[in-house]
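Worksheet: one structure, shown below.
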2 protein chains.
Amino acid sequence: MALDEIDKKILRLLQEDAHYTLKDIANKINLSLTPVHDRVKRLEKDGIIEKYVTLLDKKKLGNNLTVYCQVTLTKQTYDTSEGFNQSILNLPEVVECNYVSGNFDYMLKIIIPDMESYHHFHQKKLSVLPEVSLINTVFVISEVKSTTVLPI
Amino acid sequence: MALDEIDKKILRLLQEDAHYTLKDIANKINLSLTPVHDRVKRLEKDGIIEKYVTLLDKKKLGNNLTVYCQVTLTKQTYDTSEGFNQSILNLPEVVECNYVSGNFDYMLKIIIPDMESYHHFHQKKLSVLPEVSLINTVFVISEVKSTTVLPI
DNA sequence: ACCAAAAACAGAATATTTTTCTGTAAAAGT
DNA sequence: ACTTTTACAGAAAAATATTCTGTTTTTGGT
């Protein structure tokens, strides 16, 4: 499962644009179609390549507000954690949720239309969860960088 | 540029899997190829569809540590901010960087192999930036949710 | 209400891309 | 040294995207 330099080149290209054709890639790395095809299939099978997705413009979809929620639970038990995790998975506004170290238990990233929708989300969806004790909100004022590209 | 229900169905599918074929989509929403093709092209032209990317498994690539960095700048001036922003764009470990409200100025998300690499990143790449005054690190213990899918 | 224009769609033809197949050369294992 | 495996190239086949033609529906204006 070790990646050689050719695998890395392929992954670097595909991370940037999932619509590069095999020919595009083959040309860029000076190979024929066959090895490129075989390697991509292997990378998919091995799960290095997780999936191909389409990224949409959140603002053009009307999502003009991004916030981080720092959530503290009522208890730090397994059951409490699991209950919270399950609830979060059903909330589409929550695009990231991580259990973290520090002064709070979870860091959430929320993408939502505006302050009014956030108010509603906060009051009716998040703070109502029985596991939630405290929510500290950090508002994003300006996005500097956002990438799905991992360094290889 | 208003999206009708058909556009939304197409976007919902493409968000999940950029490799759905036009035929796949056409079947799922009971249309022929032509309207699906035309709509996708329009959504691309209008920038609703931003790009198609490949998501890789960060752990299989050896990135076993995710951290949030809460950064405070030395000054809140425009020049300081811009200088910091530019530096961040060149750091591949930083996958998110947002200017935020609250007790600190920036929230960063860092994906990195291990604690040792984070130590190096913190000491040699982040804290050395002239605009940086304070760094508070929040370690991710466990990832609960991470999605590129926006609610439509 | 009527007409012209535009938009949305279906089906077929074409071009491009992916996938499979065949074979060769290099590398690895015994 | 020999076999097996791996990596690759080129070509054929299959699948997909793109373009073209034409019909129906919708829209906007009079």
Side-chain angles (χ1 to χ4, degrees), chain A residues 1-63 113 147-152, chain B residues 1-63 113 147-152:
Chain A
M1 208 187 86
L3 304 175
D4 64 13
E5 202 44 51
I6 296 178
D7 290 329
K8 292 179 184 175
K9 281 181 186 172
I10 292 174
L11 292 175
R12 276 192 280 262
L13 289 168
L14 284 179
Q15 278 197 111
E16 296 286 349
D17 186 351
H19 271 13
Y20 278 137
T21 65
L22 295 178
K23 192 161 71 165
D24 290 337
I25 298 171
N27 288 341
K28 283 176 195 284
I29 66 179
N30 292 315
L31 272 177
S32 70
L33 292 182
T34 310
V36 175
H37 178 264
D38 291 352
R39 283 167 182 270
V40 170
K41 289 300 151 193
R42 175 172 50 78
L43 292 165
E44 289 174 356
K45 190 177 66 59
D46 291 350
I48 309 279
I49 292 178
E50 226 169 54
K51 55 182 167 179
Y52 303 96
V53 302
T54 303
L55 301 185
L56 308 182
D57 186 315
K58 57 173 176 284
K59 297 213 170 160
K60 289 190 175 158
L61 290 174
N63 294 120
T147 183
T148 55
V149 174
L150 302 176
I152 298 179
Chain B
M1 208 186 87
L3 304 175
D4 64 14
E5 203 44 52
I6 297 178
D7 290 329
K8 291 179 185 175
K9 281 181 187 170
I10 293 174
L11 292 175
R12 276 192 279 262
L13 289 168
L14 283 179
Q15 278 198 112
E16 295 288 348
D17 187 352
H19 272 13
Y20 278 138
T21 65
L22 295 178
K23 190 160 71 165
D24 290 336
I25 299 172
N27 287 342
K28 283 175 195 283
I29 65 179
N30 292 315
L31 271 176
S32 69
L33 292 182
T34 311
V36 176
H37 179 265
D38 291 352
R39 282 167 182 269
V40 170
K41 288 301 151 192
R42 174 171 53 76
L43 292 166
E44 289 174 355
K45 190 177 66 61
D46 291 350
I48 310 280
I49 293 179
E50 226 169 54
K51 54 183 169 178
Y52 304 96
V53 302
T54 303
L55 300 186
L56 308 183
D57 186 315
K58 56 173 176 283
K59 296 212 171 161
K60 289 189 175 157
L61 290 173
N63 294 120
T147 182
T148 55
V149 174
L150 302 176
I152 299 180

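Any value given below was found using the heavy atoms of this structure, including those in side chains, with hydrogens, waters and symmetry copies removed. So you know, we letter chains A, B, ... as the sequences are listed, proteins then strands, and number each from 1.
- Closest heavy-atom contact between A/K8 and A/L3: CE-O, 3.8 Å.
- Atom NZ of A/K23 is separated from atom P of C/dT18 by 9 Å (rounded to the nearest Å).
- Nearest heavy atom pair, residue B/I48 against residue A/L61, reads CG2-CD2, 4.0 Å.
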Check the interface with nucleotides 18-26 of chain D: list each N/O to N/O pair with the protein under 3.5 Å, or write none.
unit_1 : atom_1 : unit_2 : atom_2 : d
D/dT18 : OP2    : B/H37  : NE2    : 3.4

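- Taking atom CG on B/D24 and atom P on D/dT16, their separation rounds to 7 Å, with Å as the unit.
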Margin query: Let's go through B/Q15 and B/T148 carefully: what are the C-alpha distance in whole Å and the side-chain angles of both, what is the deciding distance for side chain to side chain contact (heavy atoms under 4.5 Å, CB included) to 0.1 Å, and is it a yes or a no?
Written below: CA-CA 7 Å; B/Q15 278 198 112; B/T148 55; over 6 Å; no

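- B/I25 has its CD1 atom 14 Å from the P atom of C/dC9, to the nearest Å.
- Across residues 4-20 of chain A, not one residue has a non-hydrogen atom less than 4.0 Å from an atom of DNA chain C.
- The heavy-atom pair separating B/D46 from A/K60 by the smallest distance is O-NZ, 3.0 Å.
- Side-chain contact check for A/L13 versus A/K28: some heavy-atom pair is nearer than 4.5 Å.
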Margin query: Determine whether B/V53 and A/D17 satisfy the following criterion, side chain to side chain contact (heavy atoms under 4.5 Å, CB included), listing intermediate values before the conclusion.
Written below: CA-CA 5 Å; B/V53 302; A/D17 186 351; over 6 Å; no

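- Contact annotation: B/R39 reaches the phosphate of C/dC9 (side-chain N/O to OP1 or OP2, under 4.0 Å).
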Next item on the list: Evaluate the side chain to side chain contact (heavy atoms under 4.5 Å, CB included) criterion for residues A/I25 and A/L14: first the C-alpha distance (whole Å), next the side-chain angles of each, then the deciding distance (0.1 Å), finally the verdict.
Entry: CA-CA 9 Å; A/I25 298 171; A/L14 284 179; 3.8 Å; yes

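- Distance from the side chain of A/S32 is smallest to D/dA9 among C/dA10, D/dT16, D/dA9.
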Check: So A/T21 and A/D24, side chain to side chain contact (heavy atoms under 4.5 Å, CB included) or not? Walk me through it.
Finding: CA-CA 5 Å; A/T21 65; A/D24 290 337; 3.1 Å; yes

